[in-house]
Amino acid sequence: MTNTFPESSLSIVGKSVKRLDAPDKVKGTAKYIDDLSFTGMLYGAVVRSPHPHAEILEIKIEKALKVKGITGIYTAKDIPGKNIIPLIHQDQPLLAEKTINHIGEGIAVIAGESLLAAKSALEAVKIKYKPLAPTLTMEEAWEKQDILTHWTIVNGDVEKIFQEPGTIMIEDTYYTPYQEHAYLETNGMIAVLDGLGGIIVYGSLQCPFYVQNAVAAVLGIPLNKVRIIQATTGGGFGGKEDSPSLPAAMAALMAWKSGRPVKLIFEREEDMAVMSKRHPARIDYKSAVYPDGRLAAVEINYCLNGGAYATLSPVVLWRGAVHAAGPYKVPNVKINAYVLKTNTIPCGAFRGFGEPQVAFASESQMDRLAEKLCMDPLEFRLKNILRKGEQTITGQKVETSMGFEEVIEKVTARADWHNNQPENCTRKRGIGIALTYYGVGLGARGKHLNPAGANVVIAPDGSVTLAVGTTELGQGMFTVLAQIASETLNCPIDLIRVIEPDTSRVPDSGPTVASRTTLMSGNAVKNACLEIKARMEKALSNENINKLQFQEAAAECIKKSVHLAAHGWAVPPWTTFDEVTGQGDTYITYTWSATIAETEVDMETGEVKVIKIVSGHDIGKVINPQMGEGQIEGGVMQGVGYALTEEHIVNNGKILNNQFSTYLIPVAPDTPEIISVIVENAFHWGPYGAKGLGEAPLIGVAPAITNSIANAVGIRLNEIPATPERIRHKLQEKAKQ
Amino acid sequence: MKPLPKKITISITINETPHSIIIEPTMRLIDLLREKLFLTGTKEGCGKGECGACTILVNGKTVLSCLMLAIQADKAKITTIEGLSQNKKTDPIQEAFIQEGASQCGFCIPGMIVSSKALLHENSNPSIEEIKYGLGGNLCRCTGYSKIFKAVQCASKTKNENI
């Protein structure tokens with residue numbers, strides 16, 4: 001039974017209102033960080049290590065200081081506060097002091113009168129290194145037991161099941177690559193002293209309060225002297241969650257020391273070479289199933305290549321581990337998840353956050369189990385999906401907002417699953433399915449970061465200002481929050497403005513991550529609006545308020561000294577999770593998803609053409625259907641890239657393909673027909689029933705595609721991307737059998 | 001061979017306004033637009049001609065402004081994204097992008113719209129396949145392209161066309 005808000009009761013939530021930020025973006029008037037300039041501004045460049053692991057013996061800057069236009073060069077010893085980017089493990093320095101731990105690690109920053117001057121001086125900085133033996137692979141790290149994090153989830157007795165005669169088993173090892181965010185706008189910051197003992201940093205970023213924390217720590221000044229302002233940001237996808245703290249603190253250091261504004265923009269090749277990425281993973285997966293098709297047990301060893309520093313890896317791993325068995329009833333599980341430390345680029349957040357890697361493995365396993373049982377892949381999954389009232393692998397009962405069956409039903413209908421049969425010639429078509437789920441919000445491990453604040457202020461002329469600490473990255477936050485405010489206040493959306501996050505003007509709403517913004521900032525905005533509305537209704541009689549236009553009502557209230565401003569605070573229901581037992585409630589709600597891919601495989605070249613993708617999600621309530629589709633279409637294409645063309649080739653810790661011509665993201669001609677399906681099974685705690693959508697669309701795409709390849713040409717890939725080379729190799733292997 | 005002069009004067013018409021500008025011969029066209037003329041609508045996504053974000057029109061043809069020197073544009077007529085919405089009017093393509101929800105983070109959008117304009121000038125009624133290939137040089141990471149194609153189709157239906 002679908003649980004929704006009655007359509008007739010909503011006036012703007014649920015409508016495809018035009019985006020508030022669209023006019024400035026189509027006219028080219030929106031200001032991104034590189035579009036801003038300040039008088040007396042200097043330009044920064046970063047001296048980076050060419051070695052994956054080394055001791056720094058000596059840094060000589062004298063020659064570089066003499067380069068025309070150079071105003072200053074700074075190293076770790078110039079840092080007034082702490083040489084640490086504060087996050088989870090407190091292990092990452094801003095600038096390497098004695099030891100280098102990855103290629104591209106920053107050692108010194110150069111400030112010059114022009115960008116050309118700053119870049120010219122890079123080579124003049126002379127550093128003496130003593131190279132050390134690096135740990136370059138997960139296997140090497142495992143040998144040395146260089147483990148940054150370890151999570152365990154155990155339930156039941158997998159060993160006993162594996163011994164049972166009659167159970168059918170599939171066991172394999174899966175590999176997934178680095179994935180690059182490839183946001184069109186690279187990382188960039190401008191730091192400006194405010195003349196009052198403080199500093200302002202403008203930048204391309206997702207989490208202004210994370211950056212504030214880092215800049216304050218590095219400069220050794222209190223938080224209330226650090227003001228972070230988000231410029232219009234050209235994409236994030238998680239890549240601008242924690243890592244902007246590095247360019248921000250670098251720019252801040254240079255501004256602090258020089259007394260002048262400093263602009264630091266990373267070039268594309270630099271950004272691709274050194275900034276965070278999706279963790280490469282190795283997943284050892286063993287599944288046992290009863291002959292009647294019920295899942296009996298899974299044993300998973302999930303390893304992420306964390307790189308040189310912990311950054312966000314512990315939480316990426318946790319989300320991945322919690323979702324590792326897929327959205328199914330699995331009575332016996334043994335999951336060991338590890339982040340391994342290597343001398344490579346530190347990896348972090350990327351849409352899906354630890355789930356895409358393990359979903360590739362788990363949904364490949366499900367398909368192979370179905371094949372072994374001679375069952376239709378959909379029927380086999382349906383036999384095992386979590387249904388209302390059943391328990392996840394951590395013992396959490398999923399009782400509310402479970403539109404999973406409806407999503408599967410609608411997606412399989414739109415994809416015509418039952419009638420879809422491949423054609424036969426040199427180009428073979430196939431169809432594949434993947435079922436996934438995504439715990440919305442930060443979950444039990446992120447409880448302390450989860451609360452969200454919002455300020456809503458109505459001016460005497462009735463215009464409304466919304467202030468939140470989460471950010472617009474293109475996902476549509478400004479518009480969604482304006483719609484929620486418009487609905488709650490019963491106020492025309494044209495009167496509403498969402499200001500850009502400025503830590504001195506907005507409350508902390510937590511980070512813009514985990515598909516949490518509509519849910520958390522939306523609730524905070526709604527709460528503030530409800531408070532104001534109540535005051536307005538009290539001041540004006542109900543009859544009166546319905547007769548007045550919003551602006552007139554506001555003016556009347558001002559006359560009566562009604563306070564038309566409020567602070568909203570949203571704290572989600574508590575989750576219980578025991579890190580020792582790996583059991584308990586992990587997330588307050590889940591987005592349930594189904595992805596079906598139809599592909600065509602060229603048997604001669606190994607190329608895969610994606611014909612159609614049907615991508616469906618139960619998100620509780622879609623605030624803006626057109627923007628919801630936009631998130632699905634965008635997430636699906638990132639998934640297509642992950643499945644078919646995107647990987648970083650690494651040699652001795654160095655990324656070799658750090659350009660758009662060598663790291664291949666999908667281009668316009670690669671776009672298949674994408675059918676978006678949105679199901680609304682209201683979440684009682686969500687604003688108007690809404691959950692989250694940002695990440696879910698990406699997660700199931702790769703396994704749906706590789707499952708469709710198996711359906712088309714009978715080969716099973718245990719590694720993505722499914723490049724023509726890998727497919728041809730598998731086809732040749734199969735031909736020999 | 002004569003040494004390069006330190007400064008050179010070029011005559012260039014940008015969005016129908018003629019300019020006479022003194023520049024260094026090594027200046028890129030994108031920097032002339034963004035740094036000297038403060039037309040920051042044109043974006044730099046890679047600096048290597050691989051992403052299309054810097055696309056502008058030079059004498060009506062699409063050009064990657066990060067790969068062109070400003071002196072190469074001497075005597076040329078340039079159109080940037082700002083030129084499409086002069087005098088407060090917006091181009092039907094811009095309207096269509098708003099209508100169809102084709103912009104998310106917006107960084108690729110100026111280049112995407114300029115490329116769309118050139119495409120529709122050459123082919124006023126393109127098929128989906130022709131649109132896909134026409135925009136093949138403009139990378140987008142947010143939208144998944146589908147709504148961009150819809151916007152171009154929608155704009156092609158609008159009779160109004162100005163270049």
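Lettering of chains follows the sequences in order, A, B, ..., and the numbering in each one begins at 1.
Between the side chain of Glu629(A) and the backbone N or O of Lys147(B) there is no donor-acceptor pair closer than 3.5 Å. Counting only distance, with no hydrogens or angles, the side chain of Arg141(B) and the backbone of Gly235(A) share no donor-acceptor pair below 3.5 Å.
For the set Met272(A), Met627(A), Gln659(A), the entry with the most heavy-atom pairs within less than 4.5 Å of chain B is Gln659(A). For the set Tyr133(B), Phe38(B), Phe97(B), the entry with the most heavy-atom pairs within less than 4.5 Å of chain A is Tyr133(B). Chain B forms more heavy-atom pairs under 4.5 Å with one residue of Gln475(A), Met637(A), Gln638(A) than with any other, namely Gln638(A).
Using a 4.0 Å cut-off between a side-chain N of Lys or Arg and a carboxylate O of Asp or Glu, Lys48(B) and Glu269(A) qualify as a salt bridge. Taking a cutoff of 4.0 Å between a charged side-chain nitrogen and a carboxylate oxygen, Glu35(B) and Lys263(A) do not qualify as a salt bridge. The residues Arg268(A) and Glu50(B) are annotated as not salt-bridged, no charged nitrogen and carboxylate oxygen being separated by less than 4.0 angstrom.
Residues of residues 665-674 of chain A that come closer than 4.5 Å to chain B, counting heavy atoms only, are Ile665(A), Pro666(A), Val667(A), Ala668(A), Pro669(A), Thr671(A), Ile674(A), ordered by residue number. Residue-level contacts of residues 23-35 of chain A with chain B, in order of numbering, are Pro23(A), Lys25(A), Val26(A), Lys27(A), Gly28(A), Ala30(A), Lys31(A), Tyr32(A), Asp34(A), Asp35(A); threshold 4.5 Å between heavy atoms. Identified by a heavy-atom distance below 4.5 Å to chain A, the contributing residues of residues 108-115 of chain B are Cys108(B), Ile109(B), Pro110(B), Ile113(B), in residue-number order.
Interface residue Phe149(B): only side-chain heavy atoms are found under 4.5 Å from chain A. Residue Glu180(A) touches chain B through its backbone alone, counting heavy-atom pairs closer than 4.5 Å. Heavy atoms closer than 4.5 Å to chain B are found nowhere in Glu267(A), neither backbone nor side chain. Both the backbone and the side chain of Ser103(B) come within contact range of chain A, judged by heavy atoms closer than 4.5 Å. Within the 4.5 angstrom heavy-atom criterion, atoms from both the backbone and the side chain of Gln99(B) approach chain A. Within the 4.5 angstrom heavy-atom criterion, only side-chain atoms of Asp21(A), from C-beta onward, approach chain B.
In this structure, SG on Cys142(B) lies 12.5 Å from CD on Glu633(A), to the nearest 0.5 angstrom. To the nearest 0.5 Å, atom CD of residue Gln631(A) and atom CD of residue Gln104(B) are 5.0 Å apart. Note: Ile632(A) CD1 to Ser146(B) OG = 11.0 Å, rounded to the nearest 0.5 Å. Annotation: the span from Cys46(B) atom SG to Leu184(A) atom CG amounts to 9.0 Å, rounded to 0.5 Å.
Residue pairs satisfying the salt bridge (charged side-chain N to carboxylate O under 4.0 Å, His left out) criterion with at least one member in residues 60-87 of chain B, sequence neighbours excluded, are absent.
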